[in-house]
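To start, the structure under review is shown below, and the notes come after it.
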Amino acid sequence: NGQVPHAKGLDNSLELMQDGYLFIKKRVDQYQCDLFEARLLGQKVICMSGEEAAKVFYDPERFQRNGALPKRVQKTLFGVNAIQTMDGEAHIHRKLLFMSLMTPPNQKRLAEFAMEQWQASIPKWEGGGKIVLFEEANDVLCRIACHWAGIPLKESEVKERAGDFSAMVDAFGAIGPRHWKGRRARAKAEKWMREVIEEVRSGKLKVKEDSALHAMAFHSDLNGNQLDTQMAAVELINVLRPIVAIATFITFSALALHEHPECKEKIRSGDENYLEMFVEEVRRYYPFAPFLGARVRKDFIWNHCEFKTGMLVLLDIYGTNHDSRIWENPNEFRPERFKEWKSSLFDFIPQGGGDPAEGHRCPGEGITVEIMKATLDFLVNKIQFQVPAQDLSYSLAKMPTLPKSGFIMSHIMRK
Ligand code: HEM
């Protein structure tokens, strides 16, 4: 790979920790090339960024997911051998199960549950005290995710369960205590879910047929076999955990409102289109998923670079969403940019690229957008509040990141 830029140094793991979300973008800009070679944790890795790179990355002839996700990430964030690691027909079959749960009526139901839960929180907040929006959002989302999925959850359990889902997400990219906290949280949640699934299978727990719990408990794979209890538990968590993770985008939405108060007027006017553009801009502009990994399925050449079978390749999500070839002034927060926007499926990739029914793109974008819209409507139109002095900065070196204070609100009153 003589013509391909190489990141400087024997190993770049330390720089990845230092640059975080900017690791790939910084280097493709510096080398003026969509890709470069690096060494991460002792292996050669090709890092790439931009729309063309995304198209290549999502070509199933060229890439597979099996073997791409480090075990440490499977043991915290995703679960071992879950949908994220599958390929081919078996993946598509499993994916249709997820897609069947994320229909527009279900998106709407979840958004309505979210609005109800937010409204129900107001009395608790009134009286002048301070609340941390990120924490409140975790609890609200955990309640609605379980309620929607058909999973019994006592009010006394909410904080602990929400904290566990959140810890799994926080473990991504972490070493040390945050990683171990994520592992313990996953082990606990998997045990809980295995028990619930067994109760459903034995008929002890009755659950609606159109619920996520029922779907996971009775799904059969391509050979007609039911998922084993552990796998069903892992995949059920793959529905619940990411709903709770919307708390991150909710916190960034509040930050965006705070930093761009002029946007409030437009959300206040009840303009649905504007609300949606605002949400899209939050998903584009603020950092959440940093990059994705896959392994080369068979040798090919792209952009003068030899991709050898088995090589690990990373696709830059954050950098593609800030690529100036796609986005005018990418570092400016401007919802209006989505007015005439027509996506190619590979240019706006906060939750992955391509067609979700055919590849690994997130099946939960509709749910994410609808819950964010309901929450913004709540924050702007249903309550008034103050934002006391606090540290709202967020580090691009930490993955995943969040405004340091978690967004503190005070003097909350119903409008
Ligand atoms: C996959 C991001 C919300 C369920 C993904 C991927 C990303 C992502 C980057 C990987 C795409 C790929 O591998 O090509 C996000 C973000 C969310 C979010 C930033 C906002 C909080 C959701 C929600 C759900 C969900 C609400 C479900 C209710 C999934 C599943 C996959 C996935 C099951 C695996 C798909 C597959 O491997 O085929 N998500 N997601 N996500 N997401 Fe999301």
Side-chain angles (χ1 to χ4, degrees), residues 21 54-55 57-60 63-66 68-69 73-74 77-79 81-88 90-103 106-107 109-111 114 134 137-138 141-142 144-146 148-149 165-166 168-169 172 212 215-216 234-253 279-280 282-295 313-318 320-321 345-346 348-372 375 399-402:
Y21 285 92
K55 283 184 191 155
F57 185 85
Y58 279 100
D59 177 352
F63 285 100
Q64 63 176 49
R65 298 303 179 95
N66 197 347
L69 270 182
V73 177
Q74 295 189 41
L77 183 57
F78 295 129
N81 297 334
I83 183 166
Q84 291 88 350
T85 68
M86 296 173 80
D87 294 300
H91 171 251
I92 300 288
H93 182 70
R94 183 75 57 86
K95 189 62 173 278
L96 287 177
L97 163 65
F98 281 92
M99 302 286 291
S100 72
L101 300 171
M102 322 244 158
T103 55
N106 274 343
Q107 295 164 18
R109 274 180 70 204
L110 274 160
F134 178 68
N138 275 325
L141 293 164
C142 183
I144 68 166
C146 289
W148 169 72
F165 288 126
S166 182
M168 291 179 214
V169 177
F172 176 81
M216 291 298 172
V234 161
E235 298 297 35
L236 194 49
I237 293 174
N238 264 330
V239 176
L240 305 175
R241 181 206 64 248
I243 294 178
V244 177
I246 300 171
T248 295
F249 275 152
I250 287 176
T251 307
F252 278 126
S253 301
V279 164
E280 297 301 65
V282 169
R283 296 198 302 141
R284 181 195 73 83
Y285 179 86
Y286 291 100
F288 195 6
F291 47 75
L292 294 167
R295 289 207 184 262
V313 176
L314 301 183
L315 174 70
D316 185 14
I317 287 193
Y318 183 78
T320 304
N321 287 338
L345 294 180
F346 299 98
F348 173 51
I349 56 169
Q351 299 181 220
D355 179 344
E358 285 170 18
H360 281 272
R361 189 191 188 114
C362 180
E365 288 188 281
I367 288 181
T368 306
V369 168
E370 292 309 317
I371 290 180
M372 287 173 74
T375 303
M399 298 183 289
T401 190
L402 197 71

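Every number for a ligand or one of its atoms is a count from 1 in the order of the listing. The first residue of the sequence shown is numbered 1, and numbering continues consecutively from there.
- Distances from ligand 1 to the non-hydrogen atoms of I349 include no value under 4.0 Å.
- Under 3.5 Å, the side chains of Q351 and R283 contain a donor-acceptor pair of N or O atoms.
- Heavy-atom proximity to I317, at under 4.0 Å, picks out these atoms of ligand 1: 9 (C).
- No donor-acceptor pair under 3.5 Å is formed between the side chain of K95 and the backbone N or O of P363.
- Residue L292 forms a side chain to side chain contact (heavy atoms under 4.5 Å, CB included) with just one option from I317, V313, I349, L314, and that option is I317.
- Proximity of a side-chain donor or acceptor of T103 to a complementary backbone N or O of S100 within less than 3.5 Å is not detected.
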- request: With side chain to side chain contact (heavy atoms under 4.5 Å, CB included) as the test, would you mind laying out the steps for I371 and I144 before giving the verdict?
  value: CA-CA 10 Å; I371 290 180; I144 68 166; 3.9 Å; yes
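- Listed by atom number, the atoms of ligand 1 under 4.0 Å from K95 heavy atoms are 35 (C), 36 (C), 38 (O).
- The aromatic rings of F57 and F63 lie tilted to each other, with the angle between the two planes from 30° to 60°.
- Regarding atom 13 (O) of ligand 1, its nearest protein heavy-atom neighbour is R65 NH1, 2.7 Å.
- Less than 4.0 angstrom separates some heavy atom of M102 from each of these atoms of ligand 1: 27 (C), 28 (C).
- At least one donor-acceptor pair under 3.5 Å links the side chain of Q74 to the backbone N or O of N81.
- Of the protein's non-hydrogen atoms, the one nearest atom 10 (C) of ligand 1 is L292 CD2, 3.7 Å.
- Taking N321 as the reference, nothing meets the side chain to side chain donor-acceptor pair (under 3.5 Å) condition, with sequence neighbours excluded.
- Ligand-side atoms of ligand 1 in range of F98: 33 (C), range being under 4.0 angstrom from any heavy atom.
- For E358, there are no side chain to side chain donor-acceptor pair (under 3.5 Å) partners at least two apart in sequence or on another chain.
- Here H91 has side-chain heavy atoms under 4.0 Å from ligand 1, and that is the only part of it that gets that close.
- Every atom of ligand 1 with a heavy atom of N238 under 4.0 Å away is listed here by number and element: 4 (C), 33 (C).
- Those atoms of ligand 1 with a heavy atom of Y58 less than 4.0 angstrom away are 11 (C), 12 (C), 14 (O).
- Tally of protein N, O or S atoms closer to atom 43 (Fe) of ligand 1 than 2.8 Å: 1.
- Among V239, V244, I237, I243, the single residue meeting the side chain to side chain contact (heavy atoms under 4.5 Å, CB included) criterion with R241 is I237.
- Checking each of Y286, Y285, F288, F134 against F252 for a ring-ring contact (aromatic ring centres under 6.0 Å, His included) leaves exactly one that passes, namely Y286.
- No donor-acceptor pair closer than 3.5 Å links the side chain of E235 to the backbone N or O of A82.
- Regarding atom 37 (O) of ligand 1, its nearest protein heavy-atom neighbour is H360 ND1, 2.6 Å.
- Here the protein heavy atom with the shortest distance to atom 19 (C) of ligand 1 is F288 CD2, 3.5 Å.
- Taking A149 as the reference, I151, A212, L240 meet the side-chain contact (heavy atoms from CB on, under 4.5 Å) condition, with sequence neighbours excluded.
- Ligand 1 lies out of reach of R283, whose nearest heavy atom is not under 4.0 Å from it.
- Per-residue contacts place I246 under 4.0 angstrom from the following atoms of ligand 1 (heavy atoms of the residue considered): 21 (C), 26 (C).
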